[in-house]
Amino acid sequence: MALDRALLLASAVELGPSLLGSLISHTTPEGTVTIRLSELEAYVGNGVDPGSHAHRGKTKRNASMFGEPGHLYAYFTYGMHVCGNIVCSPEGQPSGLLMRGGEVVEGIELARHRRTTTNTDRDLARGPGRLAVALGIQLADDGSDVFAPPFLLRAGGQSGRVLSGPRTGVSGPGGSSSYPWRFWIEGDPTVSPYKRHPRAE
DNA sequence: TTAAGGATTGACT
DNA sequence: GTCAATCCTTAAT
């Protein structure tokens with residue numbers, strides 16, 4: 001499968017399964033880390049998706065999601081974590097794929113160095129916040145082009161069947177299971193655990 | 001201007 | 001299994 005900016009003109013919901021297994025690299029003076037994506041979540045906004053940051057329109061934070069496809073939407077959450085999205089759909093249409101989990105296939109030493117609290121290699125990029133740290137994504141990388149240095153997004157040999165299900169951790173009208181827009185590779189050990197139940201209820 | 005909550009993780013019982 | 005950490009964004013005074 002060819003993977004370029006033109007492909008990303010489709011909506012995140014359609015692209016989720018296609019982008020599983022893709023390889024994303026980030027090069028810094030410290031070295032290069034490449035992650036094979038095993039889990040993604042689609043967000044579309046435009047009033048359609050109550051769970052999306054873009055649901056209520058364009059703001060300073062989510063401006064990147066409204067921009068050109070193939071760029072990064074990095075946001076800060078829970079006072080301590082950064083998460084990274086790949087922006088999809090034509091400019092003006094907010095749509096993105098949250099990178100929730102993956103396997104470090106290059107630069108594993110550097111990823112281990114960044115993730116001091118994790119012991120096993122499997123957990124290095126298992127979860128959105130962890131993946132961002134392992135890959136070296138920071139808030140300053142918001143809006144970066146994933147097809148240009150220091151980033152690089154390319155197709156990878158996809159292995160395994162793609163499954164889909166309800167998204168995690170999303171609240172709002174309709175609850176977290178309104179849309180089956182979470183995609184992962186069947187049986188992949190780097191898919192994040194499916195639970196999350198905030199104190200509320 | 002002030003208050004509430006979050007696309008989570010890691011530590012602790 | 002339960003719960004605190006921590007700060008930015010959004011909504012309500």
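These numbers come from the heavy atoms of this one structure, side chains and all, not from hydrogens, waters or symmetry mates. Numbered from 1 within each chain, the chains take letters A, B, ... in sequence-line order.
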Any N/O pairs under 3.5 Å between the protein and nucleotides 11-13 of chain B? List them or say none.
none

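Between the A:His55 side chain and the A:Asp49 main chain, no donor and acceptor come within less than 3.5 Å of each other.
For A:Ser25 and A:Glu106, the side-chain atoms include no donor-acceptor pair closer than 3.5 Å.
Closest of all the heavy-atom pairs between A:Gly16 and A:Phe183 is CA-CD1, 3.7 Å. Residue A:Leu15 comes nearest to A:Leu8 through the heavy atom pair CD1-CA, 3.6 Å, listed as atom of the first residue, atom of the second, then distance.
By the 30° and 60° cut-offs, the orientation of the rings of A:Phe151 relative to A:His26 is parallel.
Contacts of A:Arg154 classified as salt bridge (Lys or Arg N to Asp or Glu O under 4.0 Å), with partners at least two apart in sequence or in another chain: none. The salt bridge (Lys or Arg N to Asp or Glu O under 4.0 Å) check on A:Asp141 picks up nothing, with sequence neighbours excluded. With sequence neighbours left out, A:Arg61 forms a salt bridge (Lys or Arg N to Asp or Glu O under 4.0 Å) with no residue at all.
Heavy-atom distances under 4.0 Å link DNA chain B to A:Gly127, A:Pro128, A:Gly129, A:Arg130 of residues 123-135 of chain A, given in residue order.
Picking from B:dA7, C:dC7, C:dA11 the nucleotide with the shortest atom distance to the side chain of A:Phe76 gives C:dC7. The side chain of A:Arg115 lies closest to B:dG10, out of B:dG10, C:dA5, C:dA11. In the set B:dA7, C:dA5, B:dT8, B:dT8 carries the atom at the smallest distance from any side-chain atom of A:His81. Of the candidate nucleotides B:dA7, B:dG10, C:dA5, B:dA7 has the atom lying nearest to any side-chain atom of A:His53. If you check C:dA11, B:dA7, B:dT9 against the side chain of A:Tyr75, the one that comes closest is B:dA7. Proximity note for A:Met65 (side chain, C-beta onward) versus C:dT6, B:dA7, C:dT9: the nearest is B:dA7.
Ion pairing between A:Arg115 and A:Asp123 fails under the 4.0 Å rule for side-chain N and carboxylate O. A salt bridge links A:Arg100 to A:Glu41: one of the charged nitrogens lies within less than 4.0 Å of a carboxylate oxygen.
One interatomic measurement links the two molecules: CG of A:Asn85 to P of B:dG6, which rounds to 18 Å at whole-angstrom precision. To the nearest angstrom, P of B:dG5 lies 16 Å from CZ of A:Arg61. One can place CZ of A:Arg167 at 14 Å from P of B:dG6, the figure rounded to the nearest angstrom. When the C1' atom of C:dT9 is taken as reference, atom CG of A:Asp142 falls 14 Å away, rounded to whole Å. Between the CE atom of A:Met80 and the C1' atom of C:dC3 there is a distance of 12 Å, rounded to whole Å. Summarising the geometry, the separation between CG on A:Leu98 and C1' on B:dT8 is reported as 11 Å, rounded to the nearest angstrom. In this structure, the CD atom of A:Glu41 is 14 Å from the C1' atom of B:dG6, given to the nearest Å.
We find that the ring of A:Tyr78 and the base of C:dA5 do not stack by the test of centres under 5.5 angstrom and planes tilted less than 30°.
For DNA chain B, runs of at least 3 consecutive pairs of the Watson-Crick or G-U wobble type, with both hydrogen-bonding distances under 3.5 angstrom, map to B:1-6 with C:7-12, B:8-12 with C:1-5.
The closest side-chain heavy-atom distance from A:Met99 to A:Ile86 is below 4.5 Å. Between A:Leu37 and A:Leu131 there is a side-chain heavy-atom pair separated by less than 4.5 Å.
Between A:Arg182 and B:dA7, a side-chain N or O to OP1/OP2 separation shorter than 4.0 Å is absent.
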